[in-house]
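Both counts, for ligands and for their atoms, begin at 1 and track the order of listing.
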Amino acid sequence: MMLTVMARPMMRGWYTSIYSNLLFNSFTARQTFIPSSFSNRPKASFFLSNQKKSLIMSQSASTAVVGGGDAEIPRFERPRFVVKRVLAESQKEGQGATVRRSIGRPELRNLDPFLMLDEFAVSPPAGFPDHPHRGFETVTYMLEGAFTHQDFAGHKGTISTGDVQWMTAGRGIIHSEMPAGEGVQKGLQLWINLSSKDKMVEPRYQELPSKNISRAEKDGVEVRIIAGEAFGVQSPVYTRTPTMFLDFTMKPGAQLHQPIPDSWNSFVYIIEGEGIFGTEDSTPATSHHCLALSPGDGLRVWNKSAKQLRFVLIAGQPLDEPVVQYGPFVMNTHAEIRQAMEDYNFGRNGFERAKHWKSEPLLH
Ligand code: FJE
Ligand code: FE
């Protein structure tokens, strides 16, 4: 009896066949404990050359000038600047799928509470067939095309261009995520860690169709507010780990001053065009680059190019807890990881429905 139960979930499709690949290669098992994440320590200057340090000094002086005559432009005392710029190179994931991973690659770990950001571009029959999650949230934001998800609790849905699915895996989810149309379907998937008190919550979905996503526009800058607040407009999404997720489109010549809570970690991922981030004299950054930002109270951006610039700005309150990740399970201790694998294998503690579930094939 025990054996059949144990064997079953381990014997299925993609997740089984590349199980070890999945667990060991794409996400090296990690154990990280950063007692105090980089954003809430002045020690971040540790990342900086002397040249950059003098830049910070001159920035504070110029801040007052920028905010000077216009009460509407937030004035930052400590504007954030780019501490790391990384190109998200393509890699194979799932079953025949390609992703550009930024957060989660070796150069960009420890952006507490963020575990992974993948820009995916997937055509059928490639995709992400039945696989589990425990201990964190996945946010899927469609950029072009559509994806269908199905889970072991009977949830089934398709998200299309501009839609968001905010999934709290909590104690356990098994689902498939597959392209819903012919040709390339594109989007972003962000993994946000949950605090120890939330890791075993009941799974939950928040679906945000494009038409319900708040937008605001000001001086050549348009923002879609997926989580958090911008230009005085708030998203309805509930984030267990306090998170800001903004999608900005800036016209040529536009400028932006976006406040970010001081102690939060933050980064930018560029989708299209080129922009200047942090300090006005910095080298423009282009699509598929991820920019990790220093601590500070806000971000300044300039589009000095002739084309539109589109990027996401993501920020979150660090959890400051140990992180032990084993592929799709993210917990605080090795014992909890062992427990997660046992629960998954035996169909217990949230994985009960694993025993009798398999996603329906999609017809194309
Ligand atoms: C996963 C490998 C994976 N990025 N982007 C290991 F590929 C996945 C996984 C995804 C994923 C799914 C979508 Cl829709 C978009 C993704 C990785 O499903 F969960 C593990 N554990
Ligand atoms: Fe998934």
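Taking Asn303 as the reference, Ser305 meet the side chain to side chain donor-acceptor pair (under 3.5 Å) condition, with sequence neighbours excluded. Evaluation of the side chain to side chain donor-acceptor pair (under 3.5 Å) rule for Gln339 yields Asp343 as partners, not counting sequence neighbours.
For ligand 1, the atoms lying closer than 4.0 Å to a non-hydrogen atom of His131 are 18 (O), 19 (F). Listed by number with element, the atoms of ligand 1 under 4.0 Å from a non-hydrogen atom of Phe147 are 14 (Cl). Listed by number with element, the atoms of ligand 1 under 4.0 angstrom from any heavy atom of Phe120 are 5 (N), 15 (C). With ligand atoms numbered from 1 in the order given, ligand 1 contributes 19 (F) to contacts under 4.0 Å with heavy atoms of His133. Listed by number with element, the atoms of ligand 1 under 4.0 angstrom from any heavy atom of Pro328 are 21 (N).
The backbone N or O of Val237 lies less than 3.5 Å from a partner atom in the side chain of Ser235, making a donor-acceptor pair.
Ile225 is not listed as a side-chain neighbour of Arg215, based on a closest heavy-atom distance of 4.5 Å or more. Under the 4.5 Å side-chain criterion, counting only non-hydrogen atoms from C-beta, Val139 is not in contact with Met167.
The Fe ion (ligand 2) has His131 NE2, His133 NE2, His175 NE2, Glu177 OE1 as protein N, O or S atoms under 2.8 Å away.
For ligand 1, the polar-atom distance check finds an N/O of Asp118 within less than 3.5 Å of one of the ligand's N/O atoms. Inclusion of Trp191 in the set of residues having an N or O under 3.5 Å from an N or O of ligand 1 is not warranted.
Salt bridge Asp151/Arg353: absent, no basic N to carboxylate O contact under 4.0 Å.
The aromatic ring centroids of Phe76 and His257 lie less than 6.0 Å from each other. You'll find the ring centres of Phe311 and Phe277 inside the 6.0 Å limit.
Ring pair Phe351/Phe152 is tilted by interplanar angle, where 30° to 60° counts as tilted.
Nearest to atom 14 (Cl) of ligand 1 by heavy atom, out of Glu177, Glu93, His149, Lys92, is Glu177.
Identified under the ring-ring contact (aromatic ring centres under 6.0 Å, His included) test for residues 197-222, with sequence neighbours left out: His149-Tyr205, His155-Tyr205.
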